[in-house]
Amino acid sequence: QVQLVESGGGSVQAGGSLRIICVGSGSTKGSNAMAWFRQAPGKEREAVAAIYSDNRFTYYADSVKGRFTISRDNAKATLDLQMNSLKPEDTAMYYCAARPLLPLAELRFTWTRGSEYNVWGRGTQVTVSS
């Protein structure tokens with residue numbers, strides 16, 4: 001059974017940067033598409049970014065495109081999210097998620113669907129002050 005643990009969250013001023021990390025145990029190494037989601041108080045969960053198992057294809061929400069970068073190291077079973085030019089509206093709990101291997105064409109159209117991911121971490125809080 002795959003387990004995911006996030007870390008690296010914290011508080012930062014607007015315009016600053018943070019890097020959050022997800023460490024996986026079990027069968028995460030190169031076998032799953034993975035993603036970051038976030039949820040702010042009183043708001044629905046939002047897909048932030050996703051990456052395919054071969055590390056070549058990435059997808060981003062329009063709200064973070066050009067500011068956030070998702071990457072993974074299959075050898076270390078880690079998933080990173082580098083967040084630059086942070087804004088107060090980026091404040092949320094950030095969750096790492098994994099799903100079983102699937103065709104790239106399918107991920108392209110379904111990466112934002114939280115219901116497609118079967119393993120979730122407990123989250124790490126990111127707070128951006130103005």
Side-chain angles (χ1 to χ4, degrees):
Q1 178 68 28
V2 174
Q3 292 185 327
L4 304 173
V5 179
E6 304 93 336
S7 64
S11 298
V12 65
Q13 288 191 328
S17 298
L18 276 176
R19 187 180 189 91
I20 57 178
I21 299 170
C22 172
V23 179
S25 61
S27 60
T28 62
K29 296 183 179 182
S31 63
N32 299 320
M34 301 187 73
W36 288 99
F37 286 76
R38 66 186 182 186
Q39 187 166 22
K43 295 188 177 181
E44 293 188 355
R45 183 176 59 194
E46 174 189 21
V48 176
I51 188 166
Y52 197 53
S53 56
D54 64 2
N55 217 9
R56 291 189 298 155
F57 297 94
T58 56
Y59 305 93
Y60 296 93
D62 288 343
S63 58
V64 306
K65 201 170 293 183
R67 300 188 297 122
F68 289 12
T69 302
I70 188 172
S71 61
R72 65 188 290 177
D73 185 329
N74 290 333
K76 297 180 180 179
T78 59
L79 178 72
D80 293 0
L81 186 68
Q82 176 66 44
M83 304 180 290
N84 299 327
S85 302
L86 283 161
K87 305 176 181 179
E89 51 264 44
D90 294 319
T91 295
M93 185 72 79
Y94 283 71
Y95 299 92
C96 169
R99 59 188 289 181
L101 191 62
L102 72 163
L104 177 62
E106 183 177 338
L107 180 64
R108 178 183 178 186
F109 296 105
T110 64
W111 74 271
T112 61
R113 299 178 190 171
S115 59
E116 299 288 339
Y117 297 79
N118 61 342
V119 183
W120 293 81
R122 293 192 171 186
T124 186
Q125 177 68 37
V126 172
T127 302
V128 185
S129 58
S130 58

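The basis for the numbers below is simple: all heavy atoms, side chains too, and nothing from hydrogens, waters or symmetry mates.
The CD1 atom of Ile20 sits 10.5 Å away from the CD atom of Gln125 when rounded to the nearest 0.5 Å. Remark: Thr112 OG1 to Arg45 CZ distance equals 10.5 Å, nearest 0.5 Å. For the atom pair CG (Asp90) and OG (Ser85), the distance works out to 9.5 Å, reported to the nearest 0.5 Å. Taken to the nearest 0.5 Å, the CZ atom of Phe37 stands 12.5 Å off from the CD atom of Glu44. The CG atom of Leu81 sits 10.0 Å away from atom CG of Leu18, with the distance rounded to the nearest 0.5 Å. Put simply, NZ on Lys87 and CZ on Arg67 are 4.5 Å apart, with the number rounded to the nearest 0.5 Å.
Contact record, Cys96 with Leu79: SG-CD2, 3.8 Å, taken as the closest heavy-atom pair. Minimum interatomic distance between Val64 and Val48 (heavy atoms only, all atoms of both residues): CG2-O, 3.6 Å. Minimum heavy-atom separation, Pro88 to Ser129: CG-C, 4.5 Å. Across Tyr60 and Ala49, no two heavy atoms sit closer than the pair CD2-CB, 3.6 Å. Contact detail for Tyr117 and Ala33: the closest heavy-atom pair is CE2-O, 4.4 Å. For Ala92 against Ala40, the heavy-atom pair with the smallest separation is CB-N, 3.8 Å.
Asp80 and Gln82 share no donor-acceptor pair across their side chains, judged by distance under 3.5 Å alone.
Within the 4.5 Å cutoff, no side-chain heavy atoms of Gln3 are placed close to those of Val5. Inter-residue side-chain proximity for Leu104 and Asp54 is flagged as unmet; no heavy-atom pair is nearer than 4.5 Å. At least one side-chain heavy atom of Arg99 sits less than 4.5 Å from a side-chain heavy atom of Thr110. At least one side-chain heavy atom of Met83 sits under 4.5 Å from a side-chain heavy atom of Val126. At least one side-chain heavy atom of Leu107 sits under 4.5 Å from a side-chain heavy atom of Tyr59. Counting heavy atoms from C-beta outward, Asn84 and Ser17 have side chains that approach closer than 4.5 Å. Within the 4.5 Å cutoff, side-chain heavy atoms of Leu4 are placed close to those of Met34. Considering only heavy atoms from C-beta on, Arg72 stays 4.5 Å or farther from Cys22 through its side chain.
Around the CZ atom of Arg19, the shell of radius 6.0 Å holds more than 12 heavy atoms that belong to other residues, nucleotides or ligands.
Ile21 shares a hydrophobic cluster with Val23; the chain of contacts runs through ILVMFWY side chains whose heavy atoms sit under 4.5 Å apart.
Ring orientation note: the planes of Tyr94 and Phe68 are tilted relative to one another, at an angle of 30° to 60°.
A salt bridge links Lys65 with Asp62; the closest basic N to acidic carboxylate O contact falls under 4.0 Å.
Under the 4.5 Å side-chain heavy-atom criterion for grouping Ile, Leu, Val, Met, Phe, Trp and Tyr, Phe57 is connected to Trp111 within one hydrophobic cluster.
Each of Glu6, Glu89, Glu46 was evaluated against Arg38; a single residue qualifies, Glu46, per the salt bridge (Lys or Arg N to Asp or Glu O under 4.0 Å) test.
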